[in-house]
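Everything below concerns the one structure shown next.
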Amino acid sequence: MAQTELGSWFTRMMLRKGRLALDKTQREIAEEVCYSTDTYRAYEAGRATPPAKTIKGLAGACGLSDETAQYMVQVALSRKNGEALEADQRFNAMFIALAEQHYGFFFKFDALMIPGILQLQEYHYIVARQAEPGSDEWVDNGWDFKDGRQQTIATRVDRPEMQFLIGEAALLHLRQISEELYRDQMAHLHRWARKTGVKIRILPGPVLAQRSNFDIFMEGSSKLAGPPFAYTEVLDSSWLIDDPTRIASYDEVRKMLWKKAIRIEVYHDDDRRFRLA
């Protein structure tokens, strides 16, 4: 569930992203849809939300897909009615990818899998595919989406602060599947950990199911970030949570788990692996 302010941020940032990809000015987009430059500028700045009936024209002028335009229409209608946006997992995935481009701080925790933006291609096709079986096309599209997110983050010049918490179970499972892939993936994680602003820790021991998979996004020093939010998902649903009280609750769990975890630079799993075997 994405609240209306988060949805509004999604709309204005998608307009901006599409316009810049086309190398067009705000004035050029405004003229194409017969709006004043000030009106269109207000849409991108978040001072106003475009009416639902104008969204498709704006999205088309900015080169956005029909799928993205439809989500933007849902956002506009929800904001008009003062309702939270009921969104599917695809929308939330697009939202997370956009947030990774613009938020100044984000934290990602997965107790059982390597987070998507840290995965090697081989990990995606072997391990992630076992966890989420699908057609070849579905798996290929999934990798293209992850690869695009990885490249976008790698090219950010503002160096966001990124914290990744990985459950030790994910590493033990990977090692059981392939010792070679385990070594390659661990080397990849170490390379990431050497990047500016990136911290990776490994969490030993069991984790309650309700605490085993969530993200937190904060503005940090980014001027383009939207409101703070937490993200979590279950089998058939996912949620973007912008309630301050609930975000604070997730952040307390983050701090507690982070203190228990081991920096990847000093992590060695041989003793634990044999103890758990």
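- Shortest non-hydrogen contact noted between Arg149 and Ile117 is NH2-CG2, 3.4 Å.
- Salt bridge Arg156/Glu100: absent, no basic N to carboxylate O contact under 4.0 Å.
- Using a 4.5 Å heavy-atom threshold, the side chains of Leu203 and Ile166 count as separate.
- Checking Phe109, Phe214, Phe107 one by one against Tyr250, the ring pair (Phe, Tyr, Trp, His ring centres under 6.0 Å) holds for a single residue, Phe214.
- The hydrophobic cluster containing Met186 also contains Ile126, counting ILVMFWY residues as joined when their side-chain heavy atoms lie under 4.5 angstrom apart, directly or transitively.
- With a 4.5 Å cut-off on side-chain heavy atoms, Ile114 and Leu189 count as touching.
- Asp66 and Gln70 are not linked by any side-chain donor-acceptor pair at a separation below 3.5 angstrom, with hydrogens and angles left out of the test.
- Leu208 and Leu257 fall into different hydrophobic clusters, defined by Ile, Leu, Val, Met, Phe, Trp and Tyr side-chain heavy atoms under 4.5 Å apart, directly or through other members.
- The shortest side-chain heavy-atom distance between Trp9 and His102 falls under the 4.5 Å cut-off.
- Put simply, the side chain of Glu32 never gets that close to the backbone of Gly57: no donor and acceptor are under 3.5 Å apart.
- The local environment of CZ in Arg129 is crowded, with over 12 non-hydrogen atoms from other residues, nucleotides or ligands closer than 6.0 Å.
- Without hydrogens or angle criteria, Thr232 side chain to Trp239 main chain gives no donor-acceptor distance under 3.5 Å.
- By the rule that hydrophobic residues join a cluster once side-chain heavy atoms approach within less than 4.5 Å of another member, Val127 and Leu120 end up as members of one cluster.
- The CG atom of Leu240 sits 10.5 Å away from atom CD of Glu233, with the distance rounded to the nearest 0.5 Å.
- The shortest side-chain heavy-atom distance between Gln119 and Lys146 falls under the 4.5 Å cut-off.
- Legend: side-chain hydrogen bond (donor to acceptor under 3.5 Å, both in side chains) pairs involving residues 214-227, not counting sequence neighbours, sorted by first then second residue: Lys108-Asp215.
- At a cut-off of 3.5 Å, with distance as the only test, a side-chain donor of Tyr40 or Glu44 sits close to an acceptor on the other residue.
- Side-chain atoms of Tyr267 and Glu168 form a donor-acceptor pair, as typed in the model, at a separation below 3.5 Å.
- The distance from the CD atom of Gln176 to the CG atom of Leu171 is 11.5 Å, given to the nearest 0.5 Å.
- No donor-acceptor contact under 3.5 angstrom links the side chains of Asp184 and Tyr123, judged on distance only.
- Of all the heavy atoms in Val33 and Ala61, the pair that sits closest is CG1-CB, 3.8 Å.
- Counted within 6.0 Å of CZ on Arg27, heavy atoms from surrounding residues, nucleotides or ligands total 12 or fewer; the atom is thus considered open.
- For the residue pair Ser8 / Thr11, no side-chain donor-acceptor distance below 3.5 Å is found, with atom types taken as modelled.
- Looking only at distances, a side-chain donor or acceptor of Thr155 sits under 3.5 Å from a matching main-chain atom of Gln151.
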Subject >> Met218 vs Glu161, side-chain contact (heavy atoms from CB on, under 4.5 Å): CA-CA, chis, key distance, verdict >> reply: CA-CA 10 Å; Met218 302 286 189; Glu161 182 181 355; over 6 Å; no
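- The aromatic rings of Trp143 and His124 sit tilted relative to each other, their planes meeting at an angle between 30° and 60°.
- A cation-pi arrangement is present between Lys195 and Trp192 under the rule of less than 6.0 angstrom and at most 45 degrees off the ring axis.
- A distance of 10.0 Å separates CZ in Arg194 from CD1 in Ile264, rounded to the nearest 0.5 Å.
- Geometrically, Arg90 engages Phe145 in a cation-pi contact, judged by NZ or CZ lying under 6.0 Å from the ring centre and within 45° of the ring axis.
- Within the 4.5 Å cutoff, the side chain of Asp110 has no heavy atoms near those of the Leu165 side chain.
- Using a 4.5 Å heavy-atom cutoff, the side chains of Trp138 and Glu132 are in contact.
- Listed here is the closest heavy atom pair of Leu112 and Ala169: CD2-CB, 4.2 Å.
- Between Leu224 and Asp158, the closest side-chain pair of non-hydrogen atoms is not below 4.5 Å.
- Atom CD1 of Ile153 and atom CG of Leu118 lie 8.0 Å apart (nearest 0.5 Å).
- In the hydrophobic clustering of this structure, Val139 does not group with Met113; members are Ile, Leu, Val, Met, Phe, Trp, Tyr whose side-chain heavy atoms approach within less than 4.5 Å, directly or through other members.
- Nearest heavy atom pair, residue Phe10 against residue Met72, reads CE2-CG, 4.1 Å.
- Residues Ser178 and Leu181 approach most closely at OG-N, 3.0 Å, considering heavy atoms.
- No side-chain donor from either of Gln163 and Arg201 sits under 3.5 Å from a side-chain acceptor of the other.
- Here the straight-line distance linking atom CZ of Phe91 with atom CD of Gln74 works out to 8.0 Å at 0.5 Å rounding.
- Shown here for Ala76 and Ile55, the closest heavy-atom pair between the two residues is CB-CG1, 4.3 Å.
- Among Tyr231, Phe217, Phe229, the single residue meeting the ring pair (Phe, Tyr, Trp, His ring centres under 6.0 Å) criterion with Phe106 is Phe217.
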**OP:** May I have the step-by-step check of salt bridge (Lys or Arg N to Asp or Glu O under 4.0 Å) for Arg19 and Glu28, ending in yes or no?
**Re:** CA-CA 9 Å; Arg19 176 179 63 79; Glu28 288 173 327; over 6 Å; no
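- Looking at heavy atoms from C-beta onward, Lys17 lies out of side-chain contact with Met13 at the 4.5 angstrom threshold.
- The number of heavy-atom neighbours closer than 6.0 Å to CD of Gln130, taken from other residues, nucleotides and ligands shown, is above 12.
- Using modelled atom types, no side-chain atom of Thr54 and backbone atom of Pro50 make a donor-acceptor pair closer than 3.5 Å.
- Hydrophobic clustering, with ILVMFWY side chains joined whenever heavy atoms are under 4.5 angstrom apart, keeps Leu22 apart from Met14.
- Taking CZ of Arg183 as the start and CG of Leu174 as the end, the distance is 11.0 Å to the nearest 0.5 Å.
- Scored by the side-chain contact (heavy atoms from CB on, under 4.5 Å) test, Glu265 finds Ala193, Arg263 as partners (sequence neighbours excluded).
- Within a 6.0 Å sphere centred on NE2 of His188, heavy atoms belonging to other residues, nucleotides or ligands number more than 12.
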